Amino acid sequence: MFIPNLLSTESGSERIVRARILIVEDEPDLREAVAEYLGAAGYDVATAETAAAARSLVETQSFHLAILDIAMPGEDGLSLGRWLRSRLPIGIIYATAAGTALDRIVGLELGADDYIVKPYELREVLARVRSVLRRVPQHAPMHGQKASDPRRSVAFGSFQADLDGRLVTGANGAVIDMAKSEFDVLEVFLTRANRLLTRAAISEAIGLAEDPESSRAVDIRIMRLRKKIETDPASPKFLRTVRGEGYIFSLPAGDGH
């Protein structure tokens with residue numbers, strides 16, 4: 001599956017495009033091996049040895065996904081990830097050494113899309129890249145999608161969620177400030193409204209591994225989401241907890257697309 005970027009080619013009214021991936025890794029052999037492997041898989045790849053070099057690339061190029069080593073000299077990957085998210089609607093995969101559970105928890109809470117634990121196989125990297133790219137915000141039609149296709153939109157209460165533009169507005173059209181990780185969870189609920197979702201199902205839908213850390217990350221995102229869409233987060237109208245089972249997003253009759 002190809003994801004749109006600035007280097008697209010036109011074919012009639014359809015656009016055939018390729019994803020751009022940024023690899024930030026201070027180990028030269030590993031950096032080049034991943035770049036070569038992903039390039040052979042059909043992606044446009046750029047590499048950087050440091051966070052500073054990555055920032056320079058982002059000033060002139062657009063990316064859909066970044067693979068960031070957490071432990072780098074100078075600025076670390078977590079800090080770089082926060083900066084990238086402030087500038088681009090970008091997917092992020094963190095690479096971390098085995099056993100650094102604290103980094104995983106922090107990264108998930110900051111909105112990481114996935115994790116790779118070193119040492120890893122290149123086939124695993126490719127599988128995770130493909131999974132994350134399916135959830136990257138789209139700013140142009142997917143391969144095979146007409147530019148005239150209607151945008152997906154869901155209304156709930158006084159809110160309107162543009163699922164393609166990844167934008168939520170409230171009363172009087174005011175834009176609701178929402179992190180990518182929060183919107184990811186909201187989209188899962190809006191496209192599965194009035195259905196009980198376990199933490200495991202939510203984790204799978206947003207591309208997180210099924211483990212205690214991911215469950216905690218899901219709970220944190222839901223807590224933050226409630227503060228933005230519920231009048232009383234302690235007694236939610238939309239995003240309700242089903243004790244011992246999971247969550248359900250109640251979409252009243254008449255609301256929706």
Side-chain angles (χ1 to χ4, degrees), residues 3-4 62 64-65 81-92 107-113 132-142 145 147-199 201-208 214-243 245-257:
I3 310 296
S62 180
H64 299 92
L65 184 146
R82 288 194 298 269
W83 181 82
L84 287 171
R85 279 279 167 77
S86 72
R87 300 178 64 86
L88 297 171
I90 191 171
I92 292 179
L108 288 170
E109 291 182 0
L110 289 174
D113 295 286
V132 172
L133 283 175
R134 294 188 188 105
R135 307 188 302 277
V136 170
Q138 306 301 314
H139 295 283
M142 292 287 291
Q145 179 183 1
S148 59
D149 285 351
R151 298 175 73 88
R152 297 176 301 147
S153 181
V154 180
F156 57 102
S158 62
F159 298 96
Q160 187 79 29
D162 178 351
L163 300 184
D164 293 319
R166 297 180 64 86
L167 182 71
V168 179
T169 54
N172 302 318
V175 175
I176 307 302
D177 183 22
M178 193 166 292
K180 176 187 178 298
S181 58
E182 295 161 359
F183 192 96
D184 288 344
V185 173
L186 178 62
E187 183 174 15
V188 169
F189 281 114
L190 291 179
T191 55
R192 299 163 178 81
N194 302 317
R195 290 167 49 186
L196 175 65
L197 298 179
T198 63
R199 289 177 177 82
I202 298 167
S203 295
E204 180 180 2
I206 61 177
L208 297 179
S214 296
S215 294
R216 178 186 172 190
V218 167
D219 289 340
I220 290 172
R221 295 179 192 191
I222 287 174
M223 177 186 68
R224 292 174 177 168
L225 186 57
R226 279 175 171 160
K227 291 180 179 179
K228 297 181 179 181
I229 65 172
E230 300 285 2
T231 303
D232 181 4
S235 181
K237 171 185 175 183
F238 302 114
L239 216 173
R240 299 186 291 108
T241 300
V242 180
R243 188 177 298 278
E245 297 192 41
Y247 298 95
I248 186 168
F249 195 97
S250 298
L251 195 63
D255 284 356
H257 296 274

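Since this is a predicted model, take the numbers as computed values, not measurements.
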Non-hydrogen atoms of V188 and A205 that approach each other most closely:
CG2-CB, 3.7 Å
Inter-residue atom distance D219.CG - R199.CZ, 0.5 Å rounding
4.0 Å
Which heavy atom of T169 sits nearest to which heavy atom of I176, and what is that distance?
C-CG1, 4.1 Å
What is the distance from atom CZ of F249 to atom CG of L190, rounded to the nearest 0.5 Å?
5.0 Å
In Å and rounded to the nearest 0.5 Å, what is the CZ to CG distance from R192 to L197?
7.0 Å
Taking side chain as C-beta onward, heavy atoms only, is I220 less than 4.5 Å from E182?
no
Using 0.5 Å steps for rounding, measure from the CZ atom of R221 to the CZ atom of R216.
12.5 Å
Between atom CD1 of I202 and atom CD1 of I222, what is the distance when rounded to the nearest 0.5 Å?
4.5 Å
Do K237 and T231 have side chains that get closer than 4.5 Å, going by heavy atoms?
no
To the nearest 0.5 Å, what is the distance between CG on L225 and CE on M178?
5.0 Å
On a heavy-atom basis, the closest approach of A161 and V168 is CB-CG2, 4.2 Å
Could you label the plane-to-plane angle of the F159 and F238 rings as parallel, tilted or perpendicular, counting under 30° as parallel and over 60° as perpendicular?
perpendicular
Give the minimum heavy-atom separation between F189 and I248, together with the two atoms involved.
CE2-N, 4.5 Å
Residue set satisfying side-chain hydrogen bond (donor to acceptor under 3.5 Å, both in side chains) with R195, at least two apart, ordered chain then number -> none
Which atom names give the shortest non-hydrogen contact between V218 and S203, and what distance separates them?
CG2-OG, 3.4 Å
Residue set satisfying side-chain hydrogen bond (donor to acceptor under 3.5 Å, both in side chains) with T241, at least two apart, ordered chain then number -> R226
Side chains of S153 and L163, heavy atoms from C-beta outward: is any pair under 4.5 Å?
no
Minimal non-hydrogen separation, F183 against L167, with atom names
CE1-N, 3.6 Å
